[in-house]
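As structure tokens, the structure follows; a few thoughts come after it.
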Amino acid sequence: MLYEGKTKIVEIRGDEAIVRFKNDITAGDGAKHDIFEGKGSICAELTAITMGYLNRQSIPTHFLDFYPPNTLKVVALRMFPLEVVVRFVKTGSFIRRYGGVEGESFSRPVVEFFIKDDARHDPMVCINHLETLGIASKEQAREMSDTAIRAAELLRGFFQRAGFDLWDIKFEFGLDGNGNVIIGDEISPDTCRLRRKEEIFDKDVYRHDIADPIERYKEVLEACRSIVSQ
Ligand code: 5GP
């Protein structure tokens, strides 16, 4: 079974799946779209590095193996149609919704759930509504929230060692064959906000036409490679 999304192609092989990262980059619910040579391999390797790190810290992710340049072997998951965002500072849609000062820290991480639905612009959803909508049980929602916070805190430390501040991050979750709630999809500069002082190293570079995203993404990859090889 083959599924093609905006940035990846997934082939299910029984309990496992093969994920091939494409060179496509999109923003604004798919309204903005470009192709950058090398982007798929950078995001695949960064997903392998970050998810490998989470696996070693006992946070379950779907990552099993990396086949360079741009392919991962993963656990096949039944995905929840959700984006789970953890925020350490005010930015992006948080400021658009509630106002506030760009980059101002929260005293503790904030978790938000969004339904993946481009046509409705990924509406934010209250955790209590997930059961009513038939998307996830209360227990599953609680587990996603707790795991997302723990994973985000671990990755914040990881990226700090690589020289970047993690401002926020988006996770996607699924169920494995035994009903365990596991982190799926990808973790890369496409799915989080990474800053070094005023400089932007994530998809905002592309969203706001600031610089060549590949140059910035490469810098993140090289810094992360160097801390895992230490
Ligand atoms: P915001 O809600 O502020 O737009 O995004 C919060 C975080 O989640 C950012 O790191 C952003 O990159 C990520 N994020 C939110 N929606 C999406 C999405 O549809 N696709 C991707 N790749 N990341 C998203």
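Order of listing sets the numbers, starting from 1, for every ligand and every atom in it. Just the heavy atoms: all of them, side chains too, but no hydrogens, waters or symmetry mates, feed the values below.
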(request) Output yes when a side-chain donor or acceptor of Thr47 lies under 3.5 Å from a complementary backbone atom of Ile187, and no otherwise. (result) yes

(request) Please state which part of Arg207 comes within less than 4.0 Å of ligand 1, counting heavy atoms only: side chain, backbone, both or neither. (result) side chain

(request) May I ask you to list the atoms of ligand 1 that are less than 4.0 angstrom from any heavy atom of Gly92? (result) 3 (O)

(request) Mark up the atoms of ligand 1 that fall under 4.0 Å of a heavy atom belonging to Asp122, in ascending order. (result) 19 (O)

(message) So if I count the atoms of ligand 1 from 1 in the order they appear, which ones are less than 4.0 Å from some heavy atom of Asp190?
(response) 12 (O), 21 (C), 22 (N), 23 (N)

(request) Before accepting this row, confirm whether a basic side-chain N of the pair Asp118/Lys6 lies closer than 4.0 Å to the acidic partner's carboxylate O. (result) yes

(request) Within a distance under 4.0 Å of any heavy atom of Val85, pick out the atoms of ligand 1 and give their elements. (result) 6 (C), 8 (O)

(message) Below a 4.0 angstrom heavy-atom separation, can you tell me which part of Lys203, side chain or backbone, both or neither, approaches ligand 1?
(response) side chain

(request) On the 0 to 90° scale, with breaks at 30° and 60°, tag the Phe201-Phe164 ring pair as parallel, tilted or perpendicular. (result) perpendicular

(message) Salt bridge check, Lys170 against Asp185: does any charged N sit closer than 4.0 Å to a carboxylate O?
(response) yes

(message) Which of the numbered atoms in ligand 1 are under 4.0 angstrom from any heavy atom belonging to Arg193?
(response) 1 (P), 3 (O), 4 (O), 5 (O), 6 (C), 9 (C), 10 (O)

(request) Select one of side chain, backbone, both or neither to describe which atoms of Arg87 lie under 4.0 Å from any atom of ligand 1, heavy atoms only. (result) side chain

(message) Show the atoms of ligand 1 that are less than 4.0 angstrom away from any heavy atom in Cys192.
(response) 10 (O)

